[in-house]
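Input: a single structure, listed below in structure tokens.
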2 protein chains.
Amino acid sequence: MASETVRDRILAAGERITPQRDLIAGVLETAPRPLSASGLYEAVARLDPRIGRATVFRTVAALERAGIVEQLSLPGERSGYLLCATVGHHHHLVCQRCGKVSDLPEETVGPFFATIESDHGFSVDHASFSVYGTCAGCSARLV
Amino acid sequence: MASETVRDRILAAGERITPQRDLIAGVLETAPRPLSASGLYEAVARLDPRIGRATVFRTVAALERAGIVEQLSLPGERSGYLLCATVGHHHHLVCQRCGKVSDLPEETVGPFFATIESDHGFSVDHASFSVYGTCAGCSARLV
DNA sequence: CTACATATTGAGAGTAAGTATCACATACAG
DNA sequence: CTGTATGTGATACTTACTCTCAATATGTAG
């Protein structure tokens, strides 16, 4: 099901399907947490060592264009690639205990941007950010 | 004044002052917008070509430790180094027209984090983000 | 003022992420 | 099934850091 969905989303975005893209999307799909560039490349190479480095980056770029993958980047850390369930632009909550990344819906972010516009006269165009902390599941486990 | 303040802030953080650090802090201080790694290195080299690459990065790291510099990073873009007026952790509003970066005060961000905690059961530890758009000044100029 | 322990520097090599190039291969529209 | 636009792999290159190490400078204690 999920695999078919990713295929559909790639096609819907006007991108071609190739075995390499299928494989790379599959790796991202099964990863429990964001993969670094080298982590992704190694995981892909383990499944098919003939896939080149450039193809991995090109595929990630294609998946980003299709809105399927997002790149997380944080100062001082290597950036990570993440397959997103939510369509379109959105933000992330990253749990520092379990590494799980969940999507932050527009409803939560919208009022915040509205505040910025009214308080600072700053017209928000876009923002891409991740909030780090402890997810509900991990909090419960810590009681 | 500003230079003295930066010196004080470096010392207060328990970091040593060296001519190189003074010079690099000065470059960041006069930069109107965030400097990329290479931009910073080139600007520094123009003032003193004997300063090594490693020193520039080490100094930036020391200034980050002292809370004087923040690194902006955005997916798909080179990260930028920025001298911050505000002490402590904070966030930025980046104007896409004039490049000006202003600080986003805790008062604006706090309620947003509170919403995340109450709506998602997600305990926020930290977040470092930049919001892109058009600042009040540029908006006025566009009327 | 001097000496010393400790931190910092510069040079240069090394690593990781990502991009460019180009001949060859393949997806998919017609 | 054929043609063409697009994708692929190999490889070289660029940018952004990081590491090492001998030489040097900082700030403190005497």
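Source: prediction; values computed, not measured. Throughout, a chain's letter reflects where its sequence line sits, starting with A, and its residues are numbered from 1.
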Sorted by position of nearest nucleotide on DNA chain D, 5' first, the leading residue of B:A54 and B:Q20 is B:A54
- What is the nucleic acid contact for B:R58, judged by heavy atoms within less than 4.0 Å: base, sugar-phosphate only, or nothing? base
inquiry  = Over 60° means perpendicular and under 30° means parallel, so tell me whether B:F57 and B:Y81 are parallel, tilted or perpendicular.
reply    = perpendicular
On a heavy-atom basis, the closest approach of A:H92 and A:D103 is CD2-OD1, 3.2 Å
Rounding to 0.5 Å, atoms CG (B:L47) and CD1 (B:I24) come to a distance of 10.0 Å
Among the nucleotides C:dG18, C:dA11, D:dG7, whichever has the atom closest to the side chain of A:S79 is C:dG18
Heavy atoms only, 4.0 Å cut-off, all strands: where does A:Y81 land among base, sugar-phosphate and nothing?
sugar-phosphate
Rounding to 0.5 Å, atoms CZ (B:R58) and CZ (B:R65) come to a distance of 11.0 Å
Review item, nucleotides 22-25 of chain D N/O atoms under 3.5 Å of protein N/O:
none

All heavy atoms of B:V69 vs all of B:L28, minimum pair found to be CG2-CD1, 3.6 Å
Axis-to-axis angle for the helix from C:dC1-D:dG30 to C:dG30-D:dC1, ends of five pairs each, to 10°, equals 40°
Here the distance between atom C1' of D:dT8 and atom CG of A:D22, to the nearest Å, is 15 Å
For B:C138 and B:C95 the tightest heavy-atom approach is SG-SG, 3.8 Å
A:L23 atom CG is separated from D:dG7 atom P, nearest whole Å, by 17 Å
Interatomic distance, CZ@A:R21 vs OG1@A:T55, rounded to 0.5 Å, equals 9.0 Å
Here the distance between atom P of C:dT15 and atom OH of A:Y41, to the nearest Å, is 16 Å
All heavy atoms of B:L104 vs all of A:H120, minimum pair found to be CD1-NE2, 3.9 Å
Contacts of A:T115 meeting side chain to side chain donor-acceptor pair (under 3.5 Å) (sequence neighbours excluded), chain-then-number -> none
Side-chain contact check for B:E15: nearest option of D:dG7, C:dT9, C:dT8 is C:dT8
For B:R53, report the nucleic acid contact type (base, sugar-phosphate, nothing); a contact means any heavy atom under 4.0 Å. base
In whole angstroms, the gap separating P of D:dA16 from CZ of B:F57 amounts to 7 Å
To the nearest angstrom, the CD1-P distance between B:I17 and C:dT9 comes to 11 Å
When rounded to whole Å, the CG to P distance for the pair B:L11 and D:dG27 reads 7 Å
Review point. Counting only N and O atoms by type, is there a donor-acceptor contact under 3.5 Å from the side chain of A:E117 to the main-chain atoms of A:V124?
Key: yes
A:S38 side chain N/O closer than 4.0 Å to the phosphate oxygens (OP1, OP2) of C:dA17?
yes
Here the distance between atom C1' of D:dA16 and atom CD of B:E64, to the nearest Å, is 14 Å
Between CD of B:Q71 and P of D:dA16 the distance, given in whole Å, is 11 Å
